[in-house]
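Atoms within a ligand are numbered from 1 in the order they appear, just like the ligands themselves. All values below come from the heavy atoms of this structure, side chains included, with hydrogens, waters and symmetry mates left out.
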Amino acid sequence: MCGIAGYIGKKEGLPIVFTNLRKLEYRGYDSAGVAFFDFRGNGKLIKTVGKLDNLEKLIKNKKSLPLTAVVGHTRWATHGVPNKANAHPHADCDGKIFLVHNGIIENYQELKESLIKKGHNFRSQTDTEVAAHLVEEYGFEPALKKIVGAYALAVIYKNDPGKIYVARLGSPLVVGVGQDEYYVASDPTALAGLVKKVIYLKDGQRGVLSLNSMLIGPARPKIEPLDIDPEQAQKGDFPHFMLKEIFEGPEVLLSALRGRLMPDKGIVKLGGLEGVADQLRKVDKMEILACGTSYYSGLVGELLFEEFARIPTEVLLASEYRYRKLPVKKGTGALFISQSGETADTLAALRKANNHKLLTLGIVNAVGSSIARETKAGVYNHAGPEIGVASTKAFLSQLGVLTLMSLYFNPRKTKNHKEFLEELAAIPLKIRSILKESNQIKTLAKKYLKYNNFLYLGRGYNYPTALEGALKLKEISYVHAEGYAGGEMKHGPIALIDKNFPTIAVVTKNLVYEKMISNLEEIKARSGPILAIATAGDKKIAKLADDVFYVPKTAEPLEAMLNIIPLQLFAYYFGTLRGHDVDKPRNLAKSVTVE
Ligand code: G6P
């Protein structure tokens with residue numbers, strides 16, 4: 001949420017910062033800006049509403065001299081509408097301080113009132129501007145002490161040119177360490193290919209970066225390798241990141257399973273959990289906590305844990321968990337699922353669970369992120385950077401890791417254990433065969449393009465699949481799509497069904513197949529159009545549904561990994577056919593670092 005970029009070094013900083021903002025645009029795109037002071041203290045502040053293309057036009061003919069400290073920002077509005085005044089960087093009264101911020105200053109109203117009394121002039125409605133005036137009034141460090149809330153800050157001064165002041169509390173900030181140069185970014189993806197070493201600032205850490213020195217404290221900064229392939233953060237030949245990321249599915253799943261799944265030996269190895277293996281054996285209840293798409297993968301995880309690990313499991317929205325008064329029981333494990341590893345609600349829930357001394361585990365994609373660091377043990381997805389705002393490949397890899405974890409916990413191996421592991425290993429190939437049929441989905445998306453309401457139905461493992469399919473469609477197409485459990489449909493949503501309200505049914509051949517068929521009969525009887533995702537060879541469904549997309553047969557607990565693919569593709573084509581920017585859907589942000 002909100003992208004921050006900064007540079008101080010011998011190169012010309014403005015194009016570098018702008019290019020890095022482009023890589024971060026998925027974090028926010030309602031307004032953007034850059035600011036710099038050269039070594040003589042000459043400054044420029046350029047900002048505009050809208051996506052980065054608008055900013056690019058404004059900076060096209062501008063140059064920043066070498067040795068100039070540059071900061072930039074791409075915004076996702078929290079306080080104040082997206083307009084030029086509210087865009088970052090923000091300035092103090094005299095334009096001697098420029099500041100970019102990610103996070104929320106919770107006490108900004110009180111601070112603003114007291115600063116106004118001291119004679120400060122405000123130009124925007126944002127909480128961030130308060131920080132610029134605070135720094136003006138009290139200086140950098142004392143200003144930080146007055147802020148309640150979360151921040152990642154990068155500040156430059158006219159009177160102290162050639163330096164970037166940085167600080168982090170609650171919102172991520174990374175410093176890229178180069179040869180006589182430093183980069184600042186809210187996400188390490190932006191630094192891939194530019195530096196090999198980074199410092200993930202810890203909460204409470206702050207510092208000053210100048211041409212050839214770096215002073216970070218109070219905790220000693222830890223320099224870590226940056227291991228992101230810059231290619232992965234490029235679209236390549238695909239028109240959108242979202243499509244590229246859906247098509248990466250087979251490889252992503254292979255990376256999640258590599259070295260962990262050993263069907264020939266009949267075992268699952270998870271190095272990240274070895275350190276807590278003894279404690280894991282004592283876990284008698286599992287709580288899974290996450291938001292958005294990660295929450296839906298958690299719902300699949302719940303069924304997997306019940307079926308294989310035989311551990312009672314409850315999935316909770318992280319934002320709700322924080323304020324619930326759940327009894328704390330020793331022996332409860334808390335599993336946090338997050339693609340970004342920075343989602344504020346999930347992080348806050350994790351801190352609560354850590355305070356309660358629960359065994360906290362993570363399934364995280366972003367290496368080195370806050371959730372990865374603060375959980376006691378965990379498993380990385382290894383899905384590579386996910387840039388499309390609507391999560392696709394991360395969901396798939398979460399399902400892969402959850403399946404592995406549930407098997408890792410599996411005390412008595414279930415019947416046909418080895419065959420099941422072999423089937424899991426075959427899923428990437430089966431996904432590949434679905435992707436080969438993507439044109440069929442495009443044709444279906446065209447056919448259904450006229451509808452503005454959709455019901456997504458599924459049962460068992462396919463209930464969360466239906467929820468996630470509906471979420472994908474609403475995120476990028478802005479049409480109403482509701483996911484429902486097949487059996488619940490008759491208790492309400494059936495009232496909506498008529499010839500203008502299609503149902504997308506996940507109705508593969510499994511334990512609840514016949515039940516789903518009955519639910520679909522009820523829809524047919526009310527003239528509701530049906531698009532079914534069904535198992536290859538199923539003739540019965542062809543008679544009932546208006547359209548069918550066939551997927552290969554697999555074991556029921558693995559079905560979600562196959563069935564989600566056509567739903568992701570359907571949302572993608574639907575959104576693009578309606579002319580939307582599916583990589584940057586309106587009002588959304590990739591990494592939500594505010595509550
Ligand atoms: C945002 C994103 C969603 C994502 C959710 C949780 O809302 O737009 O795509 O599922 O955050 O993110 P996380 O990084 O914790 O998985």
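With hydrogens and angles disregarded, a donor-acceptor distance shorter than 3.5 Å links the side chain of Lys47 to the backbone of Pro89.
Side-chain atoms of Ser294 and Gln339 include no donor-acceptor pair closer than 3.5 Å. Side-chain N/O atoms of Tyr461 and Glu307 include a donor and acceptor closer than 3.5 Å.
Taking the centre of each ring, Phe247 and Tyr572 stay at or above the 6.0 Å mark. Between Phe395 and Tyr296, the distance from one ring center to the other does not fall under 6.0 angstrom.
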Which N or O atoms of ligand 1 sit under 3.5 Å from a protein N or O, and how far apart is each pair?
residue	atom	partner	partner atom	Å
ligand 1	8 (O)	Ala589	O	2.9
ligand 1	9 (O)	Val389	O	3.4
ligand 1	10 (O)	Thr293	N	2.9
ligand 1	12 (O)	Thr343	OG1	3.3
ligand 1	14 (O)	Ser338	OG	3.4
ligand 1	14 (O)	Gln339	N	3.4
ligand 1	14 (O)	Ser340	N	2.7
ligand 1	14 (O)	Ser340	OG	2.6
ligand 1	14 (O)	Thr343	OG1	3.4
ligand 1	15 (O)	Ser338	OG	2.6
ligand 1	15 (O)	Thr343	OG1	2.4
ligand 1	16 (O)	Ser294	OG	2.6
ligand 1	16 (O)	Gln339	N	2.7

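Considering only residues two or more places apart in sequence or on other chains, Ser370 meets the side chain to side chain donor-acceptor pair (under 3.5 Å) condition with Arg168, Glu342.
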